[in-house]
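Just below is one structure, and these are the notes that go with it.
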Amino acid sequence: MAHARLSAIGMAVPEKIITNAFFESLIETTDEWIVSRTGIKTRYHTGPNEFTSDLCVKAVQDLVAQYPAVSLEDVDMILVATTSPDQPMPSMACRVQHRLSLSRAGALDIYAACAGFSYGVVMATGLIAGGIHKKILVLGAETLSKVTDFTDRSSCMLFGDGAGAVLIEADETGNIGVGITGASGEGGPDLFISGFADNIDGQPLTMNRCIVQNGKKVFKWAVNKAIEQMPILAAANGLTLSQIDWFVPHSANLRIIEAICKDTGFPVEKTLESIVDYGNTSSASIPIALYNGIKSGKVKRGDKIMIFGFGGGLAYAGTVITW
Ligand code: UT7
């Protein structure tokens, strides 16, 4: 049986950096409130002519620049996790396939919001183990600034734009372990993008496409779900939590990560986050955190990394990678 190896990683963010001062002039808030309640100091926003597929292409180009030994010529599948595509059709994966001339690749978008990248890694691992594909690009990419309600003071300062890309290849040993996936679909009304229907679950919607969330409810669900699933995920991989070198949860809020660590006893200094510098980039948050952990030298070869994505759906997924 073939095994799946995560062999290379890249990322991209737009040029425009947005500090908390921007929101101080836009809504009733302060830098102090944003930092203390979320951890966020900066995030990046695309301009009017830059879209999710542009960030996807840049992230893959960065992957190739960082890992010049890899070849993308025989990539046979592209999975793009996004909740903010350029448009509903064509898929972002098809755009990437065309723009990077990956002529042998199938292309599919994954619509699992902040859990999307983790879902993608789990799916890619299965596709390789099943012998269906041999070389898969998995991306998490978002332009959340394009679906942000800038009048909503409880959410507009949270979101950022960015993309991460990993290459997952078949080899004899692999470095991606057993994955888990799950959903709490009843929580859908607590986190959604409005504007696709007049009403949903009895709630009237505006026609603007924007993220609507019940922050407090999602916060609690995310913490409880991570606490419940982390030991299960570790055990599925023959490990205990104390054998995990790095925990990379979705970066939605620094306080969520701290609460998970407090409850599980997992050391917070062994977590990788992207919330402080990039805000909540949904499906891109885990690959961006992982990329920076590797690039900074924190993550060493052989380290065991648990990724765990959670968010809109509500949905979650995770796996363990030995770097
Ligand atoms: O990525 C997908 C998954 N998403 C998440 O996991 C999001 C999880 N939720 C969160 O991160 C947090 O719930 C938020 C950051 C969204 C909100 O933080 P919170 O601590 O839950 O704040 P809150 O909504 O309970 O509001 C606390 C107070 C309120 O004032 P009072 O009623 O205590 O006087 C709000 O009016 O903070 C006030 N407030 C603000 N103050 C300054 C709310 N937004 C702001 C703001 N600036 N921007």
Side-chain angles (χ1 to χ4, degrees), residues 18-43 81-84 110-119 140-145 147-162 164 182-185 187-194 210-229 248-263 271 273-276 278-289 307-318:
I18 307 287
T19 64
N20 291 341
F22 169 80
F23 294 96
E24 288 180 323
S25 61
L26 193 71
I27 51 167
E28 200 194 323
T29 195
T30 59
D31 172 59
E32 196 277 328
W33 190 93
I34 299 173
V35 173
S36 65
R37 303 307 288 171
T38 72
I40 301 168
K41 291 185 178 155
T42 55
R43 75 291 284 145
T82 185
T83 198
S84 47
I110 295 175
Y111 209 53
C114 310
F117 175 78
S118 304
Y119 262 92
E142 306 286 357
T143 48
L144 296 182
S145 66
V147 286
T148 295
D149 177 358
F150 285 98
T151 66
D152 177 5
R153 72 196 279 264
S154 71
S155 74
C156 68
M157 68 295 168
L158 299 174
F159 305 117
D161 301 344
S184 310
D190 294 326
L191 180 51
F192 60 91
I193 295 185
S194 67
C210 60
I211 302 168
V212 183
Q213 78 167 344
N214 183 337
K216 266 195 189 319
K217 266 178 99 171
V218 180
F219 190 115
K220 279 188 197 143
W221 172 83
V223 172
N224 289 335
K225 196 47 80 178
I227 290 168
E228 171 193 286
Q229 292 297 318
V248 194
H250 165 48
S251 275
N253 186 324
L254 206 54
R255 288 191 298 126
I256 291 182
I257 301 175
E258 288 164 355
I260 294 168
C261 288
K262 194 168 169 227
D263 201 278
T271 60
E273 55 76 23
S274 56
I275 189 76
V276 174
Y278 305 92
N280 178 345
T281 56
S282 190
S283 66
S285 88
I286 289 176
I288 291 176
I307 64 169
F308 187 72
F310 54 80
L314 303 171
Y316 62 89

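Counting starts at 1 for both ligands and their atoms, in listed order.
- Of the protein's non-hydrogen atoms, the one nearest atom 46 (C) of ligand 1 is Thr29 OG1, 3.3 Å.
- Neither the backbone nor the side chain of Ala222 has any atom closer than 4.0 Å to an atom of ligand 1 (non-hydrogen atoms only).
- Residue contacts with ligand 1 for Thr38 involve side-chain atoms from C-beta outward but no N, CA, C or O (heavy atoms, distance under 4.0 Å).
- Side-chain atoms of Leu144 and Asp161, non-hydrogen and from C-beta on, do get closer than 4.5 Å to each other.
- Ligand 1 is approached by Leu191 to a heavy-atom distance shorter than 4.0 Å.
- The distance from ligand 1 to the heavy atoms of Asn280 drops below 4.0 Å at these ligand atoms: 1 (O), 2 (C).
- The closest heavy-atom contact to atom 22 (O) of ligand 1, among the options Trp33, Phe159, Phe23, comes from Trp33.
- The protein heavy atom nearest to atom 8 (C) of ligand 1 is Gly215 O, 3.5 Å.
- Between Met157 and Trp33, some side-chain heavy-atom pair lies under the 4.5 Å cut-off.
- Among all non-hydrogen protein atoms, the one lying nearest atom 7 (C) of ligand 1 is Gln213 OE1, 3.4 Å.
- In terms of heavy atoms, Phe310 sits closest to Ala252 at CE1-CB, 4.2 Å.
- Given atom 16 (C) of ligand 1, the protein heavy atom at minimum distance is Ser154 O, 3.5 Å.
- The protein non-hydrogen atom at the shortest distance from atom 2 (C) of ligand 1 is Cys114 SG, 3.3 Å.
- Per-residue contacts place Phe219 under 4.0 angstrom from the following atoms of ligand 1 (heavy atoms of the residue considered): 8 (C), 9 (N), 10 (C).
- Residues Lys225 and Ile260 fail the side-chain proximity criterion, which asks for heavy atoms closer than 4.5 Å.
- Counting atoms of ligand 1 from 1 in the listed order, those under 4.0 Å from a heavy atom of Arg37 are 20 (O).
- Using a 4.5 Å cut-off on side-chain heavy atoms (C-beta onward), Trp221 and Ser184 make contact.
- Using a cutoff of 4.0 Å between basic side-chain nitrogens and carboxylate oxygens, Glu258 and Arg255 are not scored as salt-bridged.
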(request) Show your reasoning for whether side chain to side chain contact (heavy atoms under 4.5 Å, CB included) applies to Asp31 and Glu24. (result) CA-CA 7 Å; Asp31 172 59; Glu24 288 180 323; 3.5 Å; yes
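- Here the shortest heavy-atom pairing between Ile40 and Arg43 reads CG2-NH2, 3.3 Å.
- Only the backbone of Glu28 comes within 4.0 Å of ligand 1, counting heavy atoms alone; no side-chain atom from C-beta on gets that close.
- For atom 31 (P) of ligand 1, the protein comes within 4.0 Å by no heavy atom at all.
- Inspection of the Thr281 and Glu142 side chains reveals no N or O donor paired with an N or O acceptor under 3.5 Å.
- Within a 4.0 Å radius of atom 13 (O) of ligand 1, the protein contributes at least one heavy atom.
- Residues Ile34 and Thr29 have side chains in contact (heavy-atom distance under 4.5 Å, counting atoms from C-beta outward).
- Polar contact with ligand 1: absent for Phe310 (N/O pair, distance under 3.5 Å).
- By the criterion of a heavy-atom distance under 4.0 Å, the side chain of Ile256, and not its backbone, is placed next to ligand 1.
- Listed by number with element, the atoms of ligand 1 under 4.0 Å from a non-hydrogen atom of Val218 are 3 (C), 4 (N), 5 (C), 6 (O).
- Between Asp263 and Val223, the closest side-chain pair of non-hydrogen atoms is not below 4.5 Å.
- Proximity annotation for atom 10 (C) of ligand 1: of Asn253, Thr83, Ile40, Asn253 comes nearest, heavy atoms only.
- Remark: side-chain polar atoms of Asn280 are not paired, donor with acceptor, to backbone N or O of Leu158 under 3.5 angstrom.
- Distance remark: protein heavy atom not present below 4.0 angstrom from atom 24 (O) of ligand 1.
- Distance remark: protein heavy atom present below 4.0 angstrom from atom 20 (O) of ligand 1.
- Using a 4.0 Å heavy-atom cutoff, Ser282 is absent from the residues neighbouring ligand 1.
- Nearest to atom 18 (O) of ligand 1 among the protein's heavy atoms is Arg255 NH2, 3.5 Å.
- For atom 35 (C) of ligand 1, the closest non-hydrogen atom on the protein side is Arg153 NH1, 4.1 Å.
- Between Phe23 and Ile18 there is a side-chain heavy-atom pair separated by less than 4.5 Å.
- Between Ile256 and Pro249 the shortest side-chain heavy-atom distance does not fall below 4.5 Å.
- Aromatic ring orientation, Phe308 versus Tyr316: tilted (interplanar angle from 30° to 60°).
- Heavy-atom proximity to His250, at under 4.0 Å, picks out these atoms of ligand 1: 1 (O), 2 (C).
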